[in-house]
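Each residue takes its place number in the sequence, starting with 1.
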Amino acid sequence: MIMFSHLQKPIAAVRIFVIGNSVNSGNKDFDEHEQRIINRFVRTMMKFSIGLILANVVAFLVPNSVAEKALGLPPLLQGLGQPMSSILRCLAITCMPLVIVPRFLTSFATVATLLLGMRAKLRMLGYRYAQILVRSRRDAEYSLGRINRDMRETSNQQMEYWSVLSALKDLVEKMFFLVHYSAIFTVGAFLFIAQHTGVNLFSASLASGAAFFLTEHFIQCRLVDTLQDEVDFISDVIYELCAKLPYSEDQHAEYVHVRSSLMIISMNTSSGVSMSCFGIFEISTLTFVDLANTAYMVLTFLISIG
């Protein structure tokens, strides 16, 4: 939450860009479809988070010796008696829903929603480039001059997208650093405690918490990968457009200019969306695999010394 408070400006900049209309596909139905995907994801994420937290509250309300010991007084304060232990346990359970606030307003929810929004904007750019390619194939009157004009309009939107993407990359880098390294120890520790408490509602709650951490991490890694997927699609479309530009001798200079511009756009596009975690590693689905392996190593280490 402290990190989130220091990143208000880049978060606001990316959010304004995502909900704005400065980058669009030129097709209202396509843009609305992309917006529905974002809305559906956010609603599903909120329902899942609320359901998991409420399930944990109900599970902890069921009488259980392990849960009472875990949520009760620490050993040094056992002298205060059972009434105080029950009060502390009650407070711990009733305060659990407050976890919803940081869950929705910080790390995972914010980063995942912004990444999804930026992916939608990138898909809109891809749609615009694809339409230029389709029109150049089917419309004999779609001249080189009109291709150049549409390409410039699309590239101007892409330049605006790239300026906002730099703010998103800085935001993801800092947020992901906290999520990644806290998940390494949290997941292993949760599974270790769940194993030693046996099969009960408390251990099931800890195991579900570990699974939720892993799910969050995978979604963020996957969304970063999908940005690269969209960039690869745009590069392929631009490459094909370069190969199939209409050519005539009297427009040779303009042909060379448009072709060169497209090649420059393609090169800048293909290397612009990769994200790293402070230069330590590239954020991708492989990062999630490494996290799972490291969390397993933490678990085995705790078992060996426990």
Side-chain angles (χ1 to χ4, degrees), residues 1 3 44-76 85 88-89 91-104 106-112 172 175-225 277-278 280-306:
M1 294 180 69
M3 176 66 76
T44 302
M45 178 179 61
M46 293 177 66
K47 290 177 181 178
F48 182 75
S49 299
I50 292 175
L52 180 62
I53 291 170
L54 293 180
N56 284 339
V57 171
V58 173
F60 288 145
L61 285 174
V62 177
N64 186 294
S65 59
V66 176
E68 289 177 3
K69 184 178 180 180
L71 300 177
L73 292 173
L76 294 177
S85 179
L88 182 61
R89 179 173 179 271
L91 288 175
I93 293 173
T94 55
C95 288
M96 281 183 184
L98 296 179
V99 179
I100 294 174
V101 177
R103 176 70 67 189
F104 288 160
T106 58
S107 181
F108 170 65
T110 299
V111 173
V172 171
M175 286 289 201
F176 194 87
F177 178 83
L178 294 178
V179 173
H180 181 79
Y181 286 101
S182 63
I184 286 175
F185 299 103
T186 303
V187 170
F190 274 17
L191 294 177
F192 174 75
I193 297 172
Q195 181 192 35
H196 278 262
T197 56
V199 179
N200 52 67
L201 291 175
F202 183 75
S203 62
S205 177
L206 290 176
S208 66
F212 194 50
F213 271 112
L214 290 173
T215 302
E216 287 183 350
H217 199 281
F218 174 77
I219 290 176
Q220 289 190 21
C221 292
R222 182 55 193 151
L223 286 174
V224 172
D225 274 352
C277 185
F278 289 104
I280 303 173
F281 53 81
E282 292 291 322
I283 300 175
S284 67
T285 307
L286 292 177
T287 305
F288 169 77
V289 177
D290 291 338
L291 167 70
N293 289 334
T294 307
Y296 177 75
M297 290 173 62
V298 172
L299 172 61
T300 55
F301 170 75
L302 292 173
I303 292 174
S304 66
I305 67 174

- Message: Do L299 and V187 have side chains that approach each other closer than 4.5 Å (heavy atoms only, starting at C-beta)?
- Response: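 Not touching, per the 4.5 Å side-chain cut-off.
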- Min side-chain heavy-atom separation Y296-L191 under 4.5 Å: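 No, too far: nothing below the 4.5 Å cut-off.
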- Smallest separation among heavy atoms of T287 and E282, with atom names: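 Between these two residues, the closest heavy atoms are OG1-O, 2.7 Å.
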- Query: Could you state the interatomic distance from CG (L214) to CD1 (I219), rounded to the nearest 0.5 Å?
  - Reply: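 Here the interatomic distance stands at 11.0 Å.
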- Kindly compute the distance separating SG (C221) from CG (L291), expressed to the nearest 0.5 Å.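 Going from the SG atom of C221 to the CG atom of L291 covers 7.5 Å.
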- Do you see a donor-acceptor pair shorter than 3.5 Å between the side chains of S284 and D225?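 Result is no, nothing qualifies.
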